[in-house]
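All residue numbers refer to positions in the sequence shown, counting from 1. Small disclaimer: the values here were computed from a predicted structure and weren't measured.
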Amino acid sequence: MKFRVFLQRLSHPRVRRRLKIGLSVWGVAIVISLVFKLAYDIGYFKAQSLINDKNTATPNTTQILTMESAQRIVSGALKEDPDYPKTIVTQVIDNNQKLATIIVENNKQRKIGWIIEMRLFFTGDLFNDNGYNLTESIEHQHNISRGEN
């Protein structure tokens, strides 16, 4: 088909109208997709900036286990009255953020306690990855007699 014949067919009014409608639909679809993409990107970057603002607002300092905070953790775990606890934290031995070692006293009996990630408190044997009993070694180090019940 020659180019002139093609141009003659395109110059027909019905073909021109259909071409205008088709190209308008494609143009509107492209504009709508660009608007949606732009709106998504703006929302995404706003959300990222909010997350970054929230992360910068949190303190970077490491938590330090004090006697008062250790006492609150122990009283909460044992469901005791925090104002008048029966089990008292007498010493914080190792102030590690992940695994803190404390000495607790209840009825004049001292035990080694462990606070994991500043939340969970338990008294029991803790073994390291080589199989050594860390509870026994700390009890021996601080002259605490083991009350076998």
Going through the checks in order, is the side chain to side chain contact (heavy atoms under 4.5 Å, CB included) test met by D94 and W114? CA-CA 10 Å; D94 185 15; W114 304 92; over 6 Å; no

Determine which pairs satisfy side-chain hydrogen bond (donor to acceptor under 3.5 Å, both in side chains) with at least one residue from residues 23-39, sequence neighbours left out, and list them in order. K37-D41

Residue pair I144 / K111, side-chain heavy-atom distance below 4.5 Å: no

Counting distance only, does the side-chain N/O of S137 pair as donor-acceptor with the main-chain N or O of L134 below 3.5 Å? yes

Treating Ile, Leu, Val, Met, Phe, Trp and Tyr as nodes and any side-chain heavy-atom pair under 4.5 angstrom as an edge, say whether L23 and V31 lie in one connected cluster. no

Residues, nucleotides or ligands: over 12 heavy atoms within 6.0 Å of Y132 OH: no

Path from I116 to F127 over hydrophobic side-chain contacts below 4.5 Å: no

When you compare the side chain of L34 with that of L38, does any pair of heavy atoms fall below 4.5 Å? no

For residues Q48 and I51, determine if any side-chain heavy atom of one lies less than 4.5 Å from a side-chain heavy atom of the other. yes

Flag the pair L126 / L99 as yes when at least one side-chain heavy-atom distance between them is below 4.5 Å, and no otherwise. yes

For the residue pair T135 and E139, confirm or rule out a side-chain donor-acceptor distance under 3.5 Å. no

Is there a donor in the side chain of E105 and an acceptor in the side chain of T87, or the other way round, less than 3.5 Å apart? no

Backbone N/O of I93 and side chain of T101: donor-acceptor pair under 3.5 Å: no

Using side-chain heavy atoms (C-beta onward) and a distance below 4.5 Å, is L65 in contact with N96? no

Would you compute the distance between atom CD of E117 and atom NZ of K98 and round it to the nearest 0.5 angstrom? 4.5 Å

Between I103 and I112, is there a side-chain heavy-atom distance shorter than 4.5 Å? yes

Let me check something: do Y40 and F45 share a hydrophobic cluster, defined by ILVMFWY side-chain heavy atoms less than 4.5 Å apart, either directly or through other members? yes

Determine whether R16 and S11 make a side-chain contact, defined as any pair of heavy atoms from C-beta on separated by less than 4.5 Å. yes

Closest non-hydrogen atom pair, A70 against I102: CB-CG2, 4.4 Å

Tell me, do Q71 and I88 make a side-chain contact under 4.5 Å, heavy atoms counted? yes

For H142, is the NE2 atom crowded, meaning more than 12 foreign heavy atoms sit under 6.0 Å from it? yes

